[in-house]
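Everything on this sheet refers to the single structure shown next.
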Amino acid sequence: MSILVGNDTRLLVQGITGREGTFHTTQMVEYGTNVVSGVTPGGLGKEVAGVPVYNTVADAVSETGANTSIIYVPARFAPDAIYEAVDAGIHFVICITEGIPINDMVPVYRYVRERGARLLGPNCPGAITPGEAKVGIMPGFIHQPGRIGLVSRSGTLTYEVVDALTRAGLGQSSAVGIGGDPVIGTSFVDVLSLFQDDPDTDAMVIIGEIGGSDEEAAAAFIRERVTKPVVGFIAGQTAPPGKRMGHAGAIISGGTGSAADKIAALEAANVRVARAPFEVPELVRSALASA
Amino acid sequence: MSILVGNDTRLLVQGITGREGTFHTTQMVEYGTNVVSGVTPGGLGKEVAGVPVYNTVADAVSETGANTSIIYVPARFAPDAIYEAVDAGIHFVICITEGIPINDMVPVYRYVRERGARLLGPNCPGAITPGEAKVGIMPGFIHQPGRIGLVSRSGTLTYEVVDALTRAGLGQSSAVGIGGDPVIGTSFVDVLSLFQDDPDTDAMVIIGEIGGSDEEAAAAFIRERVTKPVVGFIAGQTAPPGKRMGHAGAIISGGTGSAADKIAALEAANVRVARAPFEVPELVRSALASA
Amino acid sequence: MDIHEYQAAEILARHGIPVNAGTVATTPAEAEAAARAAGTLVAIKAQVHSGGRGKAGGIKLARTPEEARAAAESIIGLDIRGHVVSKVLVVPGVGIDQEFYLGVVLDRNARQILIMASAEGGVEIEEVAQTNPEKIIRIHADPDRGVQPFQLRQMAFDLGIPAGKVAGFAAIAGSLFRAFLDEDATLAEINPLIITKEGDWLALDSKMSFDDNALFRHGDFEALRDMAEENATELEARQSGISFVKLDGNIGCIVNGAGLAMATMDAVKMHGGDPANFLDVGGGASADQVAKAFGLVTADPNVRAILINIFGGITRGDVVAQGIREALARVAVSVPIVVRLSGTNAEEGRALLAEAGLTAVDTMDAAAAQVVASAA
Amino acid sequence: MDIHEYQAAEILARHGIPVNAGTVATTPAEAEAAARAAGTLVAIKAQVHSGGRGKAGGIKLARTPEEARAAAESIIGLDIRGHVVSKVLVVPGVGIDQEFYLGVVLDRNARQILIMASAEGGVEIEEVAQTNPEKIIRIHADPDRGVQPFQLRQMAFDLGIPAGKVAGFAAIAGSLFRAFLDEDATLAEINPLIITKEGDWLALDSKMSFDDNALFRHGDFEALRDMAEENATELEARQSGISFVKLDGNIGCIVNGAGLAMATMDAVKMHGGDPANFLDVGGGASADQVAKAFGLVTADPNVRAILINIFGGITRGDVVAQGIREALARVAVSVPIVVRLSGTNAEEGRALLAEAGLTAVDTMDAAAAQVVASAA
């Protein structure tokens, strides 16, 4: 296993009998992910893609030894699902759900940390360790096992870069989408730190976007703590200020959060920043060559 | 010092410029308690009984090194006062205030414990180590330094027993009133445990009353962990069931909480139980003699 | 502060809990009219601040308006554990499929709010706790975060509630917990909470009590007070910050502190006397308050002697003595008074009493002995 | 979701904050009447969802009703950072003794609610943050327990607020924090919060924005929406789960995912083109939704070519292709369409497109190059 998910993952799917839960459970099982159980209150006895369903996470954990959970329940019920997972001893929770109110996530974030668990997302595509475990909604077939670690605030843009890497013959150790919500469980810095310590990762790719200051925080961390080569890409270089571009965070306001600022910060931390996704593989190669 | 308060106590008075705060600060200073500062928002620069007043507990702590706080502010403001004391690093908070709603105290209790601090009360008379520090509203002059530790849910009834002990020549190591509210910071068990470990205490007196099951919990603790002699008294032996006698806890309901049950539990733990306060000193003497 | 079943049901309904709404009747005719309006089998339920209504004959079923009148006739005026019934609640009869107990209380030992449920609905929870403690499912609410829906679903599954009814149970339990917090309750209880023959959740009997210390946040609760259920004297006392409970004996007691007051009553009993009341003048009693306490005690015609037992802490002996003197100046007291005064400013107090011709006794025990002798 | 100053003031007033209540006027005559009714010096304030009103001439003082009319005349119709003023707020002039800034926002890095205050009232907080960061006092609210009054008093003392005004400040700050939570705000700001010449606290200018994800809890907020301030197309898009932002270029973009959509715009620019819009069809887009997106883009007369860039994850390529076909069957599209399709079910999608006579380009870069060429 590289980081976060892998062969040791025993996955539980919360909201498994819902439309998305069922679709992605099938996809994850097909990919080879070890999906051990699912939960839907009142769903005990059902099966989805051969995966047994339980009424509660506690039951699923005690019956199937799940250690990781992925959440597909609607936004109003997602915080409860996260609490339930952590309370049942799940140490890593991936929340795919989008649209969770900020005021609900603030106490959830605190709770997860207090209990020593980790949350990825919400509103994220999940994490994948190619060839071992796909825990999320990303298309598995574009990935290829390898030694490049990838972290991103975005969903499909990540696939774009992964696809480019794979086509260039650069496989991935793990690829992690942290999500674009204002309150997320795992930050760029958290994932970069894991990649830095991961013996299966030789170089990292960080994919950011306009808004907020997460990329600047990542740059500071890279400058101080990261010794492996890092390549970056920032989406929204041509976005006009004051307009919110989909993600809650993707807005340039008051002269901060612009792509130029973020690129400057990353370059100051010795990160090679691509102008477009297709440039990422060649920058990774040259970074590896000069490392 | 015996337990909780003593020569090491550097006392801060919250609500010091109020009527009760002023009266009792004067009393405590006269007793010889080391009252180092007081707090009343906006009171900076004032003095009460020679004690300097600050605007905030944080200021008072940093300026005067207070390590213990006593609270005389009205019920609506008392939870905030407790939070402020604990947040400023006070490790022992005595809350005299009565009438605090239960729903306010439940999170306060959690907070104090989380921070590793101790709360005595609310709605309690405080704690005294005779000859060293009086931190509360008890009349100091009835106490006498000695080796009997006393703990009680009641206020004036404690004085009654202390007075009887002093008259009988039995001085006190410390006397602690834990208060009669449904949610209190320090229980019988907590105090008994401190006395058990206190080298300056030879025997203990526990003064309970009808209602709740704190005395039963104390009895269980005594049976398992206390090796020093213990004498008890339970008020309300003749109280009729179903009537609330002042304290929120003082009601006999559903066949539980009666004085008879509590006395039986204590006697089963080898506690000598007095029928009236005046009997306490002779039971203490005989307990000490046969120990 | 206790309220009636119908008032608790109204509050819980406001919190989104489905309750069996009914009509309050204070006469058999009103009950008959309510039953006629309901047009169905009804239950007639005594509205008193007391448990044990069923066993005492305070709950009856009526198939016709005439039966409802007769039932109300037999219930109104009934004495249930010392509470005389002055009104009944007329509610439609409901077909019960399953019954549960659901309650929220403070767990004093844990210092946390406790949510309890049991499949033994309709039975008093204390009884279940004694006979089948394992049948009670308990959840402690987190002091900061409260209780999460998943915990309440877990409770429902543990109770054996059918899968299709789990979400409904969790919603009701969540609402009951919220009601407990929002209304500063000391008890919020639905017993029984039922699934009807039609498959709906329904709170069939609701009970709430409120934290007296939090009433300042709930000005509207005063309107819920049933003066018929309250002892006017006790209420008047409480408004002066005095705890007063009327008892059956003939020795009036005025004491500072609840614990000492109980110990004083015990001492009176030990000496063969019988206390006429429990009275705690509270901490920091003013002269006015002591005079007030005097008035409360002397208003009881049974009182043959009065024992004043004060151990000064906040309450200062001189202030108490002043109160006694003022009271004696206002009210002519014809029964003997025994005063015991110790603690803060006791000597000054004794001097003031001496001026008024009263001698203070030294110890509580001696005072109790003397007052019993005086009353004999 | 943004609202106007006067609406924010009404909400804060409901939370117990003293605000400078005024009258909304949509014509100079109404402004004059409001000023007359006020009978005092008034301020006429543009109500737009934009900052920088003062510098843009959107706030004027008027000593007489006639001056108020003139001021309103000059303000109504004004363009402030792209927002055209359609209404003004007429508020009584107030004598200011001291000015403060008070705001509540989410601190994304700390994942906690942040309460900020500064004695530099009336100045935009971002400006203070850059020039005098030490002049901003910050408190993080505990995620579970919120903020305690003592913390807000500490803030007041740190701001140098006079002792007699500290409790008032703490009460207002506490209420603002509660309002932020209760209303699911993303911003709650009073700037300036003042002490009047008479010595009273007053919120002179209020601002609130709400969390779009929490609007389901606040049905009443829909009534606060000012359609004049919203782009009808963007609003319509949002109701279909599509993020749409109108831009000035001529290349329509339909992309799945906000990050990819921005990267697509960047690619178009890199190749010398100019995007007509930002459009994210969202995850799991249905055929219907893709058709909808098509409609949004083709409604813009500037659009000279359309770039569809889909990388399938949840969104499946065949579904997208189906949507494109359906849209083309409904709407006659006269501009060139370049499709790029990768990821889940991309091959099936390409097959469907081929049936409709469309060829999908392999990479985003190539697609961007091609669409720019088509639009030229």
Side-chain angles (χ1 to χ4, degrees), chain B residues 20 23-24 75-76 98-107 109-111 125 137-139 142 152-160 163-164 180 182-184 207 209-210 212-214 217 233 235-240 242-250 253-256 259 275-278, chain C residues 50 81-82 106 108-109 111-113 124 126-127 130 141-144 180-181 184-186 211-214 216-217 243 245 247-248 255-270 275 278 280 282-284 309-315 342-346 363-365 368:
Chain B
E20 286 199 26
F23 175 74
H24 289 293
R76 296 183 200 197
E98 68 174 288
I100 304 177
I102 293 168
N103 282 343
D104 294 352
M105 280 309 300
V106 168
Y109 177 81
R110 146 80 67 101
Y111 184 81
I137 60 176
M138 65 290 286
I142 60 171
S152 169
R153 265 164 85 181
S154 162
T156 47
L157 178 56
T158 319
Y159 315 159
E160 184 74 47
D163 192 48
V183 175
I184 50 174
I207 303 167
E209 59 187 43
I210 54 168
S213 59
D214 296 0
F233 173 70
Q237 298 169 49
T238 63
K243 292 280 187 182
R244 181 168 290 130
M245 298 294 175
H247 286 176
S253 59
T256 65
R275 288 179 309 150
F278 76 86
Chain C
S50 164
R81 294 186 184 170
L106 172 75
R108 291 171 66 118
N109 290 332
R111 276 90 155 180
Q112 290 181 358
I113 309 299
E124 284 196 30
E126 291 84 357
E127 209 178 305
Q130 276 177 13
D142 184 284
D144 298 316
F180 181 95
L181 289 188
D184 279 303
T186 52
D211 182 352
D212 289 333
N213 286 340
F216 71 90
R217 290 200 275 245
S243 291
V245 179
L247 300 170
D248 299 328
V255 191
N256 69 325
L260 189 60
M262 285 189 276
T264 304
M265 286 157 54
D266 294 344
V268 167
K269 278 260 191 188
M270 259 181 76
F278 164 92
D280 170 14
N309 183 17
I310 303 291
F311 207 115
I314 302 185
T315 307
S342 288
T344 308
N345 291 12
T363 69
M364 177 165 98
D365 193 52

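Throughout, protein chains are lettered first and strands after them, A, B, ... in sequence-line order, and every chain is numbered starting at 1.
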> Side chain, backbone, both or neither: which part of B/Phe233 has a non-hydrogen atom closer than 4.5 Å to chain C?
Replying inline: side chain
>> Is C/Leu181 in contact with chain B via its backbone, its side chain, both, or neither, using a 4.5 Å heavy-atom distance?
In response: both
>> Checking C/Asp142 now: which residues fulfil side chain to side chain donor-acceptor pair (under 3.5 Å) with it, not counting sequence neighbours?
In response: B/Arg110, C/Arg145
> With a 4.5 angstrom heavy-atom cut-off, which part of C/Arg81 approaches chain B: side chain, backbone, both or neither?
Replying inline: neither
> Side chain, backbone, both or neither: which part of B/Ile100 has a heavy atom under 4.5 Å from chain C?
Replying inline: backbone
> Side chain, backbone, both or neither: which part of C/Leu247 has a non-hydrogen atom closer than 4.5 Å to chain B?
Replying inline: side chain
> Is the backbone of C/Thr186 close enough, under 3.5 Å, to the side chain of C/Asp211 for a donor and an acceptor to pair up by distance?
Replying inline: no
>> If I measure from the heavy atoms of chain B, does C/Met270 come under 4.5 Å with its side chain, its backbone, both, or neither?
In response: side chain
> Between the main-chain N or O of B/Pro101 and the side-chain N or O of C/Asn213, is there a donor-acceptor pair closer than 3.5 Å?
Replying inline: no
> What do the steps show when you test C/Ile113 against B/Asn103 for side chain to side chain contact (heavy atoms under 4.5 Å, CB included), and what is the final call?
Replying inline: CA-CA 9 Å; C/Ile113 309 299; B/Asn103 282 343; 4.0 Å; yes
>> My understanding is that only residues two or more places apart in sequence, or in another chain, count here; which of them pass side chain to side chain donor-acceptor pair (under 3.5 Å) with B/Tyr109?
In response: B/Arg113
> So which heavy atom on B/Leu157 is nearest to which on B/Pro277, and how close?
Replying inline: CD1-CG, 4.0 Å
> Is it the backbone or the side chain of B/Ile137 that comes under 4.5 Å from a heavy atom of chain C, or both, or neither?
Replying inline: both
> What part of C/Asn109 gets closer than 4.5 Å to chain B, counting heavy atoms only: side chain, backbone, both or neither?
Replying inline: side chain
